[in-house]
Structure formats: C-alpha cells, structure tokens
Amino acid sequence: MASDEGQFAPYRFPPHPAFSPTFTHFDRDSSETMVESPTTPNPFLGKRRRSSASHHTARSKEIEEEETDRDSVGDEPSTSREGQVQPQVVSRPEKPYSIFTRKEKWFIVFMTAVAGFYSPLSANIYFPAIPILSEAFQEPIELINVTVTVNMLFQGISPMLWGSLADSQHCGRRPVYLACLLLLTLSCIGLALTPTSAYWLLVFLRCFQAAGSSPVIALGAGTIVDIATSAERGGFLGLFNVGPMIGPCIGPVIGGLLADQMGWRSVFWFLAIASGVAFIFEYLLLPETLRTIVGDGSAPPPKLNRPLIPILGRGRKSDPSSPASVPEKATSHHTPLTVLRLFRNPDLCLVLVSTAIPYSVFYGVITTMSPLFLQNYPWLTESDIGLCYLANGGGCLLGSFTVGKMLDWEWQRVRRSFAAKGQLEDGGSGAKGGVPVEYARLRTTPLFWGAAATCVLLYGWLTKARVHIGVLLLFQFLIGFLITALFNINQTLLMDLFPQHGAGVTACNNLVRCLTGATFVSIENYILDGVGPGWGFTIFAAMIVATYPAMLVEWKHGKKWRKAREEREQKKGVEREKKRVQKEREIEKREGEMYELTQR
C-alpha cells in the first residue's frame, strides 16, 4: 500500500509505540526507563513493515525528538564494538504509584475495613440467638445449626464470583462494593421479617446474607493492591484486617445483648441498619481504584464508578507522560473460571494450605470457648461469656497493627541489605524494586509459627487444669495476636505474588479457609469429647506445625515459580499486542481498499 499512496491517502492508524523506531520500555513500579536507539533492530517488525518504514520517517523524528527532550538528563548512549548503539538506563524523576496522598490512602483502606467488618459480624452475631431461634421456629438446634453451615459455605463460594467481577475492567471495585452491601442490607431486612413458620426461608436468606457480606474481604485486598506498592502494603493490610478481625470479638457480645433484651429479630434489624449506613457511606465517598480502569487514579472512570462526592484525589492529575497515568491493560478475562485457574500455581496452593489450617484452629479456639468456660467456671453468665471474647479480639487488633508495620519495616530492611550486597533481582529495576519477595515476607515466619503452636498447646493443658480464668484469657489474647500475624504475612505475600489478581487470590484464600474451617468446626467437638482439652489442643497445635513445611518449600522454590509465571504473562502480553496491531493493519488495509473503490 505504501507504494500506491500517490493517488490517494487512506487513513492510517498511528504506529504503536512497540513498533516505532524509538521504543521506550516503561516499568510502572520503577523510576527508570529503557530506551532503544533508532538503529536497534526491532524483532516485531515484519518484512512489509520495514519496507514501508520511509512513510513514517517524519513521525519517527518527532517521537525521537520528544524522547530526547524528556531524557536529556541521562548519559550519552554507549557504543559497542560493532558500532551499534546500546540501550541505556535513563534516570527519571520518581513517579508516584498512585495519585492519592498517604492520608487519602489510609482513608480508602478505612472505608474498605468498614465494609469488611460485616462479614464476620453477620456470622458471629448470630451465635447467641441460636437457642432463641430454636424455640421460636420450634426446630431442634441441629437444624438451626444448618443455617450456620450454609452461611459458612456461601462465605467461601460467593467471593469467587464477586472477586472475578471486581478484577474485571468492565465492572471494577466500586460497583461490587455497593452491590454486596445492598444485598446484605436487603437480606437482613428479609431475615428480620421472616415468619416463624417458614424455616426454609431462614436458611435461604442466610445464604444471601453470606453472599453479600463475605466478598468485601476479597475486594479490600484488591483495593490495597491498586493504591499501594509492595513496600507499604503491610501497614495498609494491617488496618484493613481490623474490620474482619474485630467482628468475631464484638459480634457475640452485641448478639447476646440484643437477643436477650429485644428478641432475635432485633439482631437482623441491627445488621440491616448498620450495613445500610455503610452502603450510603461508600456510595458517597468511595472512589474507583482498579488500575485497568483508572490507572494511578487520574484517569476518569465510567459514570457508574464515580463517587457522588469526589473529594479523594480531586483535581489532582499525574504527568500524562507517566505510564502509571494510563489504565493498565488487562492480562486476562476475569471470570470465576479464571479465579479457579489460579489454583494451578503451586506457590498459591502452598500459601493457602499454610493459612487455612491455623485459621481453622483459631476458629476452633473461639467456638469452643463458651462450653469450656461454662464447664470450668459455672458461675459465668451469658453476658460474661460474651465479654470474654474481647480478649481474643484485643489480640487480633494488636496483631493487625503491629505486624502490618513490621512487614513494611522488614521490606525496607531487606531491600537495603540486598542493595548493599548488590544482590537485588533484575538490577533493582523490577516491579518489586529487586526485593526477593519470598525472603522478605517469610523470614520471620518460624518465630510466629512456633509461638502460635506453643500457645495453643499450653492453652489446652491449662484449660484441663482449670487454672484462673485470667490465665486462659491471656492465652486467648496471645493466640489471637499470633494467628492474625500468620494470616497477615500470608495474605501480603499473596498480594505480592499476584498483583493483578488481588481480589481473585483473596477469594481463593477465603474459599479454602471457609471450607477447611467448616470441616474443622464440625469435628472439633468430637475430638475434645474423646480425648479431652489437653490432648485435643495438642492435636490442634501439631496441625499448625505440620503446615510449616509448605512455607519452607515456598521459601526455597517460590522465586523459580514466580519468575516462570512472570515470563509466561509477558509472552502472552506480547502475543496479544501483536494480534492487536495485526488487526489494526487489516482494518487499515480494508479502509484503503474501500477508499480505492470509491475513487473508481
């Protein structure tokens, strides 16, 4: 076509940067840019493209001049023996990963923590009302417990659907947040109005309640990946986990007081009002953060993804030349099947297993506390038992804050140490700043795993010895702190390993945790009744120890799996880009042919 342009000038798409004579490699998480010289051969250029390169000479010179102006702060390119100009690393000013300020990021994470608070709250606030529901519906407690089982199952399954939608550039985070909170509010209203003659409706609406409450935990993790770099995710994840961790602590207290003073329906009215307020709060202020939609937050989102009061990041635009200001291209189509395909990654499976078992033991400690305490200390009332949950909750809160800060500090410490030794990955220019992710996140895990198993072991034997209740509450506090630490470390590692599937990997984590926890809770009472709390919690502690070899395998082989996955994704991206450019050429050719026909 290039040779026939004397008679007509059909419309041509501008050349893609990957095919321009001056090809600039951008790293979204790095302040360095690789610039290839015009004389460097481009492997993507086909024979036809090279033969018609003269058509774009003027445009190429303009691009080259722009690149020269922007990169004038760099050194002169070096020349090899053959006389070819070699790529140079050009220093650029540090470009922020997100346009949101530090305070705005904390506020966004706070909003996600508020939404994540309702997932465990809706599950745990229900427990004290079970005997009252059994009397009201005239059903045995075993059947009322079925509503707990189905709720836990849907907590594991529903994030698979919502998580894939939240990672999709066709939907985004904000619409899924609002849909989940609205579904939770409506289901709680339905539960509060359920007639006592419709047991089936109670079971049915409890499924919808879980479908609306549980996905927000996966969404919160994805939001943190959107706005925070690896160096600061630990602290943000610590704040976010405050919401999900405080729910199991205050839920039984609130549920016991409401059910005892105002009846079982007041429990669901409370949840409906609280979740409705959260829905309004998120609807007014929560911005869209998905990077395939808004980039670093400066790209305008679709109307559905805009907050009613856009005060966060308002009027703040990043440098248009910054790659972070351009929405990232989706690496895959996000569907529930895509989320399930994540299980093909061995490092993901190892981390999930090492998270699910300690989490199940943590839930076992919480759910068995009430019968064990009543057996040892019969003078306790139901209100006293509810207050005892605050010890475990205090440990969870402290663990969320301190371990999150510790992870950020460890990241910087490892980066400085490896930089001083010259051992940073990819010369320090990779997406993680050259920090070995597995080493930075897992180097403290032997301490936490060993301490958690020891505390569970001692808690069981102290419970059997019927020591003072204050001692058991101290160990409840320590177990909550240590298990939260393990969960935060593993969750942060998953976010670093799969940054483009933040909500998806958290949905996988939620699925494995909930299914494992539901199975464990269903058999724990049989174990404790059979061997007693001493040997029973010894078995639970051994289960925690048995999961740590999975962490050792990830520590040793994780880098190999991570690098192989990054190479596969890079090759897929190159192939998709070649197909896109080829499609543009075909469209260009058809337009030229149509134009030629019209001229004839």
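Predicted model only: the values in this text are computed from it and were never measured. Excluded from the calculations below are hydrogen atoms, water molecules and symmetry mates; all remaining heavy atoms, backbone and side chain alike, are included.
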Show me, pair by pair, the donor-acceptor contacts under 3.5 angstrom made by side chains of residues 113-130, not counting sequence neighbours?
from	atom 1	to	atom 2	distance (Å)
Tyr118	OH	Ala274	O	2.8
Ser122	OG	Tyr118	O	2.9
Ser122	OG	Ser119	O	3.1
Ser122	OG	Ser213	OG	3.4
Asn124	ND2	Pro120	O	2.7
Tyr126	OH	Thr147	OG1	2.7

Item checked: Test ring-ring contact (aromatic ring centres under 6.0 Å, His included) applied to Phe520 - qualifying residues, sequence neighbours left out -> Phe540
Checklist line | Exercise: do Asp408 and Gln412 side chains pair donor with acceptor under 3.5 Å | finding: no
Next item on the list: Check the side chains of Ser275 and Thr185 for a donor-acceptor pair under 3.5 angstrom, ignoring hydrogens and angles.
Entry: yes
Check: Taking only residues two or more places apart in sequence, or in another chain, which ones meet Arg416 in a salt bridge (Lys or Arg N to Asp or Glu O under 4.0 Å)?
Finding: none
Next item on the list: Determine the minimum heavy-atom distance between Asn488 and Thr492, stating which atoms define it.
Entry: O-OG1, 2.7 Å
Next item on the list: Can you measure from CG (Leu372) to CZ (Arg466) and round to the nearest 0.5 angstrom?
Entry: 10.0 Å
Next item on the list: Scan for salt bridge (charged side-chain N to carboxylate O under 4.0 Å, His left out) pairs involving residues 440-454, sequence neighbours excluded, and state none if there are none.
Entry: Glu410-Arg443, Arg441-Asp496
Next item on the list: Could you list the residues that satisfy side chain to side chain donor-acceptor pair (under 3.5 Å) with Thr112, not counting sequence neighbours?
Entry: none
Note to self: Taking the six-membered ring for Trp, are Tyr363 and Tyr359 closer than 6.0 Å centroid to centroid?
What the structure shows: yes
Check: So which heavy atom on Leu165 is nearest to which on Cys171, and how close?
Finding: O-CB, 3.3 Å
Item checked: All ring-ring contact (aromatic ring centres under 6.0 Å, His included) counterparts of Trp535, not counting sequence neighbours -> Trp461
Margin query: If the condition is side chain to side chain donor-acceptor pair (under 3.5 Å), which residues does Thr355 pass it with, not counting sequence neighbours?
Written below: Asn490
Next item on the list: Please confirm whether the backbone N or O of Arg413 pairs with a side-chain atom of Ser417, one donor and one acceptor, at under 3.5 Å?
Entry: no
Margin query: What's the separation between atom CZ in Arg206 and atom CD1 in Ile144, rounded to the nearest 0.5 Å?
Written below: 10.5 Å
Note to self: How close do Ser354 and Met551 get, counting heavy atoms only, and between which atoms?
What the structure shows: OG-CE, 3.1 Å
Margin query: Going by the rule salt bridge (Lys or Arg N to Asp or Glu O under 4.0 Å), which residues pair with Arg568 if we only count those two or more places apart in sequence or in a different chain?
Written below: none
Checklist line | Contact list for residues 218-229, test salt bridge (charged side-chain N to carboxylate O under 4.0 Å, His left out), sequence neighbours left out | finding: Arg173-Asp226
Margin query: When you measure from the side chain of Trp162 to the backbone of Ala211, do you find a donor-acceptor pair of N or O atoms at a distance under 3.5 Å?
Written below: yes
Note to self: So, taking the atom named SG in Cys514 and the one named CG in Leu153, what distance separates them when rounded to the nearest 0.5 Å?
What the structure shows: 8.5 Å
Notebook entry, point to check: Counting only heavy atoms not in Phe279, do more than 12 fall under 6.0 Å of its CZ?
Noted result: yes
Check: Do any N or O atoms from the side chain of Thr547 and from the backbone of Ile544 form a donor-acceptor pair under 3.5 angstrom?
Finding: yes
Checklist line | ring pair (Phe, Tyr, Trp, His ring centres under 6.0 Å): pairs with one or both residues in residues 544-573, sequence neighbours excluded | finding: Trp449-Tyr548, His557-Trp561
Margin query: Does any part of the side chain of Val353, heavy atoms only, come nearer than 4.5 Å to the side chain of Val512, both counted from C-beta?
Written below: no
Item checked: Exercise: identify the closest heavy-atom pair between Ser360 and Thr516 -> OG-CG2, 3.2 Å
Note to self: By the side chain to side chain donor-acceptor pair (under 3.5 Å) test, which pairs, at least two apart or in different chains, include something from residues 474-484?
What the structure shows: Asn392-Gln476, Tyr459-Gln476
Check: To the nearest 0.5 Å, how far apart are OG1 in Thr444 and CZ in Phe448?
Finding: 5.0 Å
Notebook entry, point to check: What distance do Leu219 atom CG and Leu181 atom CG have between them, rounded to the nearest 0.5 Å?
Noted result: 9.0 Å
Item checked: Note: Arg562-Glu438 ion pair, threshold 4.0 Å (strictly below) -> yes
Next item on the list: Check step by step if ring-ring contact (aromatic ring centres under 6.0 Å, His included) holds for Phe481 and Phe477.
Entry: CA-CA 6 Å; Phe481 174 84; Phe477 176 87; 7.0 Å; no
Check: Are the side chains of Val403 and Met406 in touch, meaning some heavy atoms are under 4.5 Å apart?
Finding: yes
Check: Mind checking what makes salt bridge (Lys or Arg N to Asp or Glu O under 4.0 Å) contact with Asp347, not counting sequence neighbours?
Finding: Arg565
Next item on the list: First locate atom SG of Cys388, then atom CG of Leu473, and finally report the distance between them rounded to the nearest 0.5 Å.
Entry: 5.0 Å
